[in-house]
Amino acid sequence: MNDFFEQVYAIVGKIPYGKVVSYGEISWMLGRPRSAREVGRAMRFCPEKLPCHRVVRADGSITGDSHAEVRKILLENEGITFLPGGRVDMKTHRWSG
DNA sequence: ACAATGACCGTCG
DNA sequence: GCGACGGCCATTG
């Protein structure tokens, strides 16, 4: 594992209840302003211990291949409000370390 | 080294 | 709001 992934996992694990972070935000925190793809690749491994469902796109859209719907439900279950269109209310739940 | 791909991002029409 | 284009970074054949 690279430090980058470790950092990603660390941050994702630190996301508070009822908050979400975008791939770009995470990549920016780790010093890679445009490496959001790497974050996405890290998410792809998707360890169960990680709340990967709290990681969404910059506009609040849910992304995650087949599990997108499931994650949306999980977020709703955690108290995250959704906007019409199936997007997360980033305006309220956007988290910055 | 090159081209293609990807759980992305921002801008433009 | 949506689709197209370019850019960034890492991985793979």
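Chain A is the first sequence line, chain B the second, and so forth, proteins listed ahead of strands; every chain is numbered from 1. Basis for what follows: all heavy atoms, side chains included, without hydrogens, waters or symmetry-related copies.
- An OP1 or OP2 oxygen of dG1(C) is reached within less than 4.0 angstrom by a side-chain nitrogen or oxygen of Arg87(A).
- The separation of dG13(C) from dA7(B), taken at their C1' atoms, amounts to 22 Å, rounded to a whole angstrom.
- In this structure, OH on Tyr9(A) lies 11.5 Å from CD1 on Ile26(A), to the nearest 0.5 angstrom.
- Contact detail for Gly60(A) and Met90(A): the closest heavy-atom pair is CA-CG, 3.6 Å.
- What separates NE2 of His53(A) from C1' of dA7(B) is a distance of 15 Å, to the nearest Å.
- Hydrophobic clustering of Ile, Leu, Val, Met, Phe, Trp and Tyr side chains at less than 4.5 Å, counting indirect connections, keeps Phe82(A) apart from Trp95(A).
- Remark: side-chain polar atoms of Arg71(A) are not paired, donor with acceptor, to backbone N or O of Ile62(A) under 3.5 angstrom.
- Look at CD on Glu38(A): it is 14 Å from C1' on dG7(C), rounded to the nearest Å.
- A straight line from CZ of Arg44(A) to P of dA10(C) spans 16 Å, rounded to a whole angstrom.
- Distances were taken from every side-chain heavy atom of Arg32(A) (C-beta onward) to each of dA10(C), dG1(C), dA7(B); the shortest belongs to dA10(C).
- For the pair Met43(A) CE and dT11(C) P, the computed distance is 16 Å after rounding to whole Å.
- We find that CG of Asp3(A) is positioned 13 Å from P of dA10(C), with the value rounded to whole Å.
- The side chain of Arg57(A) contributes an N or O atom lying less than 4.0 Å from OP1 or OP2 of dC9(B).
- Separating the CG atom of Asp59(A) from the C1' atom of dC2(C) is a distance of 12 Å, rounded to the nearest angstrom.
- Listed nucleotides: dA7(B), dG6(B), dC9(B). Nearest to the side chain of Cys46(A): dA7(B).
- Arg34(A) contributes no side-chain N or O that forms a donor-acceptor pair with the base of dG7(C) under 3.5 Å.
- In this structure, the CZ atom of Arg54(A) is 18 Å from the C1' atom of dA7(B), given to the nearest Å.
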